[in-house]
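Below is one structure, written out as structure tokens, with a few remarks after it.
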Number of protein chains: 2
Amino acid sequence: MPDGAAKPGKMKDKYRQRQTEIFDAAAAVFAKKGYHGASTSDIAAELGVAQSSLYYYFKSKDEALEKVCLHSIKGYVERLQAIVANNLPADVKIRDAIHNHIEPVNYIPDYFLTFVGELRYLPNNRRQKLNNMIAEYNALFEQILADGVTDGFFIKGLDCHSTMLMLIAQCNTVPFWFGKFEHYSMDQLANMLADNFLLGALPRANKLNSILGEPP
Amino acid sequence: MPDGAAKPGKMKDKYRQRQTEIFDAAAAVFAKKGYHGASTSDIAAELGVAQSSLYYYFKSKDEALEKVCLHSIKGYVERLQAIVANNLPADVKIRDAIHNHIEPVNYIPDYFLTFVGELRYLPNNRRQKLNNMIAEYNALFEQILADGVTDGFFIKGLDCHSTMLMLIAQCNTVPFWFGKFEHYSMDQLANMLADNFLLGALPRANKLNSILGEPP
DNA sequence: AATATTTTCAATAGATCTATCGAAAAATAA
DNA sequence: TTATTTTTCGATAGATCTATTGAAAATATT
């Protein structure tokens, strides 16, 4: 009877704990081989159990992917809400938001990678909750930019929507290039992204030789 | 006898032309469903032919992926070499490099997406040539940044290697968020990325409230 | 038109993958 | 210890998917 909810307290906890180990293994294999490249046998091998044993903890590979994705963005919205609510200058808020976004790469890298790379393979009937959370998250992120423009912290005419999408996409690439140099901490990488977004690579005195892009 | 090279001129051309159609279809299916999510039947369906017919034009799915990836970066190095050789200020070079990198998203989007997302699934025995080209490309890109620092166009202490990786990763995300708003042309997006990299989002007079990241 | 070559196809072997089922093993409770 | 419940396992059905093969269809050549 594979139903954690039907068990009394202690059994339920044990079941949930084991289930977490199962999903950790699934996340690791999804991150490494991709959702379609990963077989349930691969996940079982990661744990050293029989392939069929997994189905005591999830009832389909789809469901495993859904759970991994859900766990990967748990807390994201709440933490960003707190950042938005803070009474701080917009550039600080954006820096905090970038840190908030990248931080999980440190302690749940496989979940992060699976979310970024494999969410697209999650069937439609399992996407709704995730889509709602993503929409809410994006709106909060954009809000920070919009407030910053209103307050005069960011340049006038900044396209907040596109910029939000671009910034989030940039954050999502971090785990891919992070692996290539260990001498940066994740925090330093987050600051590097933030500095680049806020200041750019030109010394502040220089004039541009190339033409600035105009909003359409 | 599925060997384009053994055929005389006219036949050979016809064979190559059809082969291109096959790879176009493969690229489209790889881009949409991912390498492992895409079956040879999917590719055949895209073309309206039998699954087995494909094997007249490639001898394994692996090979198809390799050919798609190779085609996707054809010309990249040469174009970047030309940009590096130009006698122009570094900021213009970087802008050109970004344009060069993003431009193929316009006319071979499926090849671009396959390269960015599915190259990791290419088996090791087919990676060498691609890895060499990528290394050469990255070195050229980094060269532009290093020259810019030497010339005083970019801020002193810029970590050219990390910045190169970050910038390229940023360019590679373009096709993913581009789809979300059609009112930008690919050129405008490239300029947006370049502006952001060069100038940042803060008005040039402002001081930062947050702390600048220090190189390690 | 008759022949030769190129291209496509149907059939299929062999491998792998997901999910199910009932039994065995392990853990817990009585 | 014995009985009960939870967890794991082996076996397997059924559905893929890749790649091969020899024949048919289409095209080109003589």
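Quick caveat: nothing in here was measured; it's all calculated off a predicted structure. Naming: A, B, ... by sequence-line order, numbering from 1 per chain.
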Starting at NE2 of His36(B) and ending at P of dT16(C), how long is that distance when rounded to a whole Å? 13 Å

Answer with base, sugar-phosphate or nothing: what part of the nucleic acid does [X] contact at a heavy-atom distance below 4.0 Å?
| X | result |
| --- | --- |
| Ala38(B) | sugar-phosphate |
| Ser53(B) | base |
| Ser39(A) | sugar-phosphate |
| Phe58(A) | nothing |

When Asp42(A) is tested against each of Lys33(A), Lys61(A), Lys32(A) for salt bridge (Lys or Arg N to Asp or Glu O under 4.0 Å), which residue passes? Lys33(A)

With a sphere of 6.0 Å drawn around CD of Gln17(B), does it hold more than 12 non-hydrogen atoms of other residues, nucleotides or ligands? no

Looking at Tyr55(A), does any N or O in its side chain come under 4.0 Å of the phosphate oxygens OP1/OP2 on dT7(D)? no

Would you please confirm or rule out a distance under 4.0 Å between OP1 or OP2 of dT6(D) and any side-chain N or O of Lys12(A)? no

The residue, Asp42(A) or Lys59(A), whose nearest nucleotide of DNA chain C is more 5′ is Asp42(A)

Would you check if the distance from the ring center of Tyr57(A) to the ring center of Phe23(A) is below 6.0 Å? no

Which nucleotide in the list dT8(C), dA27(C), dT18(C) gets nearest to the side chain of Arg18(B)? dT8(C)

Report yes if a donor N or O on one partner sits less than 3.5 Å from an acceptor N or O on the other, where the partners are the side chain of Ser52(B) and the base of dA10(C); otherwise report no. yes

Give a yes-or-no answer on whether the side chains of Asp62(A) and Tyr35(A) include a donor-acceptor pair shorter than 3.5 Å. yes

